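Down below is the structure, laid out as structure tokens.
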Amino acid sequence: MRADRSGEDKAPREIVSFVRRGERLTPSRQSAWDRLSDQYVLDPPRGSRDTVPGADASLDLQEVFGRRAELVVEVGTGLGENIVAAAQSHPQRDHLAVEVYRPGLAQTLNRIDRAGCPRNLRLLPLDAQRSLPALLPEASISELWVYFADPWPKARHHKRRLINPPFLDAVLPLLSDRATFRLATDWAQYAHHMRRLLDARAELELLHPAGPRPEGVTSDTLPVDLAHTGWAPRFEGRVKTSFENKGGGAGRLVWDLAYTRVPRPSVGDPL
Ligand SMILES: C[S@@+](CC[C@H](N)C(=O)[O-])C[C@H]1O[C@@H](n2cnc3c(N)ncnc32)[C@H](O)[C@@H]1O
């Protein structure tokens, strides 16, 4: 507990991986929001904050999508380039975009409109770490994507990185056996941080243990002990986003990673 100026105890501020930026919408985004948010943006009851679900919130995937299909979840969808392209090109799968940035969600609705309004996609406007474990059943995700998460480069901000133990503890139980977890970043230091945390998780196995580092030179500093192998080739379904373009423009390489969820032991398996 911290004491405020009045001397009263305050609950410690929760560490979150995002900053709330301007929420104002351009006319075109506002129009997309007005026309499509009822159909696409999920609206579970909220708890202590508007990015956290209430204790009574739940999500019935059968009811939401009208069927049960493989579920692809992208955390931090930004402007929606990847998740909308995926929903359009994989009608047999369902897709969930998790994002707290309202203008990004509105732009995603714009894209959904241009893509002919695929019905196999919904948007969840909540903090992924605090909402997914409350809303989704264990082993319900077939693919989890985190692309170009905010790098939080200053050492005192590393605790705000999305890829940290609390997020992994929240989402790894939601991956089905042999589910794929794909990540990409244009920050070598963050790529190194991801490798250290993800390689150490017993639930995960690298999909490309012999995969080489991306080719080329990078403008950022490579950690001396950065792994030489274990990197994934660019996932063919990964669309170039404005954040990837920004990294490329600054001379940074892109580090792709792919893991598979190790199958859970079945009842009767020897320990
Ligand atoms: C740097 S942007 C990248 C967006 C997109 N993936 C891309 O490649 O263009 C990271 C996004 O993650 C979102 N984000 C960060 N933490 C989040 C969380 N805990 N839950 C949901 N979204 C989050 C931010 O709002 C931001 O839009």
Side-chain angles (χ1 to χ4, degrees), residues 13-25 29 41-42 44 46-53 57 59 72-87 95-111 121-136 141 143-154 157-172 174 181-187 189-191 193-194 234-235 237-250 252-257:
R13 210 176 286 138
E14 266 196 304
I15 296 165
V16 293
S17 53
F18 51 88
V19 272
R20 299 311 289 276
R21 290 167 281 164
E23 298 276 285
R24 283 206 20 208
L25 302 183
R29 288 177 179 174
V41 183
L42 301 172
R46 303 303 202 273
S48 50
R49 275 173 290 118
D50 67 343
T51 50
V52 174
L59 199 65
V72 178
V73 175
E74 184 180 0
V75 171
T77 42
L79 303 180
E81 294 97 324
N82 270 293
I83 203 73
V84 176
H95 299 77
L96 188 64
V98 193
E99 177 55 73
V100 288
Y101 181 51
R102 192 160 169 268
L105 292 166
Q107 183 60 28
T108 305
L109 291 173
N110 246 330
R111 263 178 226 289
L121 169 61
R122 295 293 185 283
L123 318 186
L124 184 65
L126 299 181
D127 176 348
Q129 183 178 310
R130 289 164 181 87
S131 64
L132 291 177
L135 297 179
L136 292 182
I141 300 178
E143 292 233 2
L144 176 64
W145 299 346
V146 178
Y147 297 146
F148 300 94
D150 302 285
W152 293 108
K154 291 182 184 156
H157 287 150
H158 286 179
K159 57 179 182 287
R160 299 194 65 172
R161 286 175 168 170
L162 182 70
I163 303 301
N164 260 325
F167 176 74
L168 298 178
D169 292 343
V171 297
L172 295 187
L174 307 180
F181 184 11
R182 300 185 191 281
L183 307 102
T185 179
D186 57 324
W187 288 84
Q189 301 279 344
Y190 198 8
H193 170 92
M194 290 176 183
R234 185 194 181 99
F235 171 46
R238 188 165 69 67
V239 174
K240 231 181 191 191
T241 67
S242 51
F243 283 93
E244 176 167 4
N245 283 332
K246 219 163 110 183
R252 292 191 292 270
L253 290 170
V254 173
W255 305 82
D256 275 273
L257 278 172

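Just so it is clear, the model here is predicted, and its values are computed rather than measured. Both counts, for ligands and for their atoms, begin at 1 and track the order of listing.
- Heavy-atom proximity to Arg21, at under 4.0 Å, picks out these atoms of ligand 1: 25 (O), 26 (C), 27 (O).
- Neither the backbone nor the side chain of Arg161 has any atom closer than 4.0 Å to an atom of ligand 1 (non-hydrogen atoms only).
- Looking only at protein heavy atoms, the nearest one to atom 7 (C) of ligand 1 is Thr241 OG1, 3.4 Å.
- Remark: the His193 side chain and the Asn164 side chain contain an N/O donor-acceptor pair separated by less than 3.5 Å.
- Taking distance alone, with nitrogen or oxygen atoms compared against 3.5 Å, Tyr147 approaches ligand 1 more closely than that limit.
- Within the 3.5 Å criterion, the main-chain N or O of Val52 finds no donor-acceptor partner in the side chain of Arg130.
- Distances from atom 3 (C) of ligand 1 to the heavy atoms of Trp152, Phe148, Phe167 put Phe148 nearest.
- In this structure, the side chain of Arg161 does not engage the main chain of Ser17 through any donor-acceptor pair within 3.5 Å.
- Put simply, the side chain of His158 gets close to the backbone of Pro153: a donor and an acceptor are under 3.5 Å apart.
- For the ligand labelled ligand 1, residue Glu244 lies outside the 4.0 Å heavy-atom shell.
- Salt-bridge formation is detected for the pair Asp256/Arg238: a Lys NZ or Arg NE/NH1/NH2 atom is positioned less than 4.0 Å from an Asp or Glu carboxylate oxygen.
- Separating the CG atom in Leu96 from the CG atom in Leu124 is a distance of 5.5 Å, to the nearest 0.5 Å.
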Compile the donor-acceptor pairs under 3.5 Å between side chains in residues 99-106 and protein atoms, sequence neighbours left out, one pair per line.
unit_1 : atom_1 : unit_2 : atom_2 : d
Glu99  : OE1    : Thr77  : N      : 3.2
Glu99  : OE1    : Gly78  : N      : 2.8
Glu99  : OE2    : Tyr101 : N      : 2.9

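- Counting protein heavy atoms only, atom 20 (N) of ligand 1 is closest to Ala128 N, 2.9 Å.
- Polar contact check, Gly76 against ligand 1: a nitrogen or oxygen pair lies under 3.5 Å apart.
- Although no hydrogens or angles enter the test, the distance criterion places no donor-acceptor pair under 3.5 Å between the side chain of Asp150 and the main chain of Trp152.
- In this structure, Leu126 counts as a contact residue of ligand 1, since one of its heavy atoms falls inside 4.0 Å of the ligand.
- Counting atoms of ligand 1 from 1 in the listed order, those under 4.0 Å from a heavy atom of Leu162 are 19 (N).
- Any N or O atom pair closer than 3.5 Å counts here, and Ser17 shares at least one such pair with ligand 1.
- Ring geometry, Trp145 versus Tyr147: the interplanar angle falls under 30°, so the pair is classed parallel (tilted spans 30 to 60°).
- In this structure, the protein non-hydrogen atom closest to atom 10 (C) of ligand 1 is Asp150 OD2, 3.5 Å.
- Considering backbone and side-chain atoms alike, Asp127 places an N or O below 3.5 Å from some N or O of ligand 1.
- Scanning all protein heavy atoms for the shortest distance to atom 25 (O) of ligand 1 gives Glu99 OE2, 2.6 Å.
- The two residues Tyr190 and Ile163 come nearest to each other via the heavy atoms OH-N, 3.1 Å.
- For a threshold of 3.5 Å applied to N or O pairs, the pair formed by Thr77 and ligand 1 contains no separation below that value.
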